[in-house]
There are 2 protein chains.
Amino acid sequence: MEPRQGAQAIRRALAVLRILAAGREDGVPLAEVVRATGLTRPTVHRIVHVLIEEGIVERHNKTGRYAIGNQVPELALARPRPSRLLVAANPSLRRASAEIGDTLFLTARTGNDTLCVDRRIGIYPIQVLSIEVGARRPLGVSSAGVAILAAMPAPDARKIVAANEKRFAAYQTDAATVLGQVTAARKRGYNMREIGLVQGTKSISTWIKTPDGQPAAAMTVSAVRTRLGPRREQEVAEILLREARTIEQAIGG
Amino acid sequence: MEPRQGAQAIRRALAVLRILAAGREDGVPLAEVVRATGLTRPTVHRIVHVLIEEGIVERHNKTGRYAIGNQVPELALARPRPSRLLVAANPSLRRASAEIGDTLFLTARTGNDTLCVDRRIGIYPIQVLSIEVGARRPLGVSSAGVAILAAMPAPDARKIVAANEKRFAAYQTDAATVLGQVTAARKRGYNMREIGLVQGTKSISTWIKTPDGQPAAAMTVSAVRTRLGPRREQEVAEILLREARTIEQAIGG
DNA sequence: AGTCGCCTGTCCATAATATGGACAAGAACG
DNA sequence: CGTTCTTGTCCATATTATGGACAGGCGACT
């Protein structure tokens with residue numbers, strides 16, 4: 001039922017926008033958009049420049065990179081209320097952050113991407129702050145992304161990984177590696193990765209499912225590796241798993 | 001140089017989105033979108049439904065109305081920093097709100113629309129709260145919209161009014177009325193309207209220009225009419241004009 | 001009951017639109 | 001000064017989006 005047709009151009013424009021969103025403030029060079037979307041360069045060029053004329057995309061004069069423009073947040077103002085997930089997760093994040101003391105991330109799934117929607121900084125003096133609220137990555141690249149893939153039926157996860165394959169190269173990974181990590185996480189009950197995006201960091205992620213069983217988000221703790229030995233990993237994982245279940249209750253009710 | 005071509009569909013989709021944004025949470029019926037955009041119904045229908053599949057638009061099951069979807073704020077997260085205008089206007093709004101005591105609105109121009117970007121509630125016990133942050137209207141409909149039109153060269157204003165003409169009917173006005181109000185505001189140096197959107201309210205708006213002379217926003221005070229007699233109108237207008245100039249300085253520097 | 005008015009959704013032949021191969025030109029590098 | 005990277009533009013082509021026409025649903029009025 002999905003593939004309604006007669007709007008190829010619109011779908012393509014949105015694909016471009018989502019790639020640009022992953023580039024955040026700095027934006028993305030045209031060639032990168034071409035690679036990530038699999039479209040031809042003239043097509044991407046045309047789309048991007050029309051979006052610039054419409055105020056949806058901006059071009060940074062210095063770097064020549066393209067980024068999400070002004071009008072997108074303006075359109076977003078039409079939706080005033082904060083998301084259900086954010087409200088439901090708030091007390092759990094506060095509790096877990098106080099208990100653990102390391103940086104805590106809440107990461108939602110949106111299409112084939114993960115999107116960091118909340119971050120809590122702990123009290124421990126060394127904090128991993130690599131990821132900001134708004135950060136967006138292909139599902140499978142980050143610890144949270146692997147956790148979310150692990151929480152869905154294997155065929156669905158494979159489909160998403162295949163769809164994101166072109167984008168993995170930019171993050172120094174590939175489909176096979178990702179699928180391996182997903183399998184490991186599924187066995188373990190949560191995801192753990194020894195080598196975080198920043199050297200010397202370690203991450204633990206648990207998934208959060210909606211009432212219909214689809215994964216909606218992940219909760220992640222990142223810390224310097226030395227602070228997450230096997231024993232503490234166990235402790236932290238238990239807290240995260242407990243709070244993940246609490247959030248699931250809150251969404252369901 | 002503007003009209004780059006080869007993307008009619010994308011432009012149309014954005015036109016639809018902007019109309020939907022004006023409908024806020026409640027959304028807009030399809031027929032209204034058709035009227036406001038001047039597109040044919042099959043075209044709008046197709047665009048809207050593709051945008052639904054893409055998560056950009058939502059349809060309220062009860063009412064059948066279409067509204068801006070979840071993914072728009074998600075894309076907007078790619079632009080973390082608050083707008084320049086909001087930062088620059090903050091102290092002025094605080095000051096003016098304390099001094100005046102009635103509700104104060106900051107309204108920006110975006111394309112052919114006005115967008116309420118900030119609101120300060122005063123200390124006087126009766127406050128006009130008709131407009132929320134995020135409210136969007138065709139330029140010319142609201143007091144702020146007329147002020148912004150009055151601040152630009154007459155031919156530009158006429159062009160915008162012509163472009164919005166189809167949408168005026170939904171707000172019980174028309175191009176001729178709007179142009180009359182604009183002329184009056186231009187003579188007066190600020191805009192005043194005796195009959196606000198809500199019965200019995202009166203509004204005063206001043207415009208704020210960017211360094212290049214284009215109007216960027218308007219500052220508006222709304223109050224019950226009895227509270228804004230000729231004498232107080234004068235006082236309030238002076239405060240608003242003073243703060244408008246202050247904001248212009250802050251943007252320029 | 002019928003009929004009018006206004007709404008949403010769908011079909012498909014057609015024409016207009018978006019496409020992408022090919023070309024051009026600038027920048028960074030050795 | 002060739003090589004390889006990038007971004008931008010042209011235009012003949014066929015793919016894609018278009019909109020007139022048709023269909024069905026709902027509520028109001030008679």
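Everything numeric in this text was worked out from a predicted model, so none of it was measured. What's counted below: heavy atoms across the whole structure, side chains too, no hydrogens, waters or symmetry copies. Labels below follow one simple rule: chain letters A, B, ... track the order of the sequence lines, proteins then strands, and each chain is numbered from 1.
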Exercise. Can you tell if the side chain of A/V117 reaches within under 4.5 Å of the side chain of A/V133, non-hydrogen atoms only?
Worked result: no
For this session: Measure the angle between the two terminal helix axes of the helix from C/dA1-D/dT30 to C/dG30-D/dC1, five base pairs each, and quote it to 10°.
Result: 40°
For residues 145-165 of chain A, tabulate all N or O donor-acceptor pairs below 3.5 Å that involve a side-chain atom, not counting sequence neighbours.
residue	atom	partner	partner atom	Å
A/N164	ND2	A/N112	O	2.9
A/N164	ND2	A/L139	O	3.3

Problem set entry | Listed nucleotide nearest any side-chain atom of A/P42, set D/dG20, C/dG21, D/dA17 | C/dG21
Problem set entry | Candidate pair B/T177 and B/D174, rule side chain to side chain donor-acceptor pair (under 3.5 Å), full reasoning | CA-CA 6 Å; B/T177 310; B/D174 56 77; 3.1 Å; yes
Problem set entry | Side-chain heavy atoms of B/R167 within contact of B/I19, under 4.5 Å | yes
For this session: Grab the CG-P distance between A/L30 and C/dA27 for me, whole Å please.
Result: 17 Å
Exercise. If you draw a 6.0 Å radius around CG in A/D212, do more than 12 non-hydrogen atoms from other residues or ligands fall strictly inside?
Worked result: yes
For this session: For B/H49 and C/dT8, give me the distance from atom NE2 to atom P, rounded to whole Å.
Result: 10 Å
Exercise. Quick one: is C/dA16 close enough that its OP1 or OP2 comes under 4.0 Å of any side-chain N or O from B/R12?
Worked result: no
For this session: By nearest nucleotide on DNA chain D, pick out whichever of A/A31 and A/A9 is the more 5' one.
Result: A/A31
Problem set entry | Interface with DNA chain C, restricted to residues 60-71 of chain B and to heavy atoms under 4.0 Å | B/Y66
Exercise. Considering only heavy atoms from C-beta outward, does the side chain of A/F168 approach that of A/V141 to under 4.5 Å?
Worked result: yes
Exercise. When you check the phosphate oxygens OP1 and OP2 of D/dA17, does a side-chain N or O of B/R11 lie under 4.0 Å from one of them?
Worked result: no
For this session: For the residue pair B/Y66 and B/H49, confirm or rule out a side-chain donor-acceptor distance under 3.5 Å.
Result: yes
Exercise. Rounded to the nearest Å, what distance is computed from the CZ atom of residue A/R46 to the P atom of nucleotide D/dC11?
Worked result: 15 Å
Problem set entry | Side-chain donor/acceptor of A/R41 to base of D/dG8, under 3.5 Å | yes
Exercise. Could you state the CG-C1' distance from A/L39 to C/dA18, rounded to the nearest angstrom?
Worked result: 12 Å
Exercise. Within less than 4.0 Å of OP1 or OP2 of D/dT18, is there a side-chain N or O belonging to B/Q8?
Worked result: yes
Problem set entry | A/T40 vs C/dT19: side-chain N/O to OP1/OP2 distance below 4.0 Å | no
For this session: Please state how far atom CZ in B/R35 lies from atom P in C/dC6, giving the value in whole angstrom units.
Result: 10 Å
For this session: Figure out the CD1/C1' separation between A/I10 and C/dT17, and round it to whole Å.
Result: 13 Å
For this session: Check whether any side-chain heavy atom of A/T220 sits under 4.5 Å from a side-chain heavy atom of A/S222, and report yes or no.
Result: yes
Exercise. Does OP1 or OP2 of C/dT8 have a side-chain N or O of B/H45 closer than 4.0 Å?
Worked result: no
Exercise. Does A/R24 reach the side chain of A/R136, with side-chain heavy atoms less than 4.5 Å apart?
Worked result: no
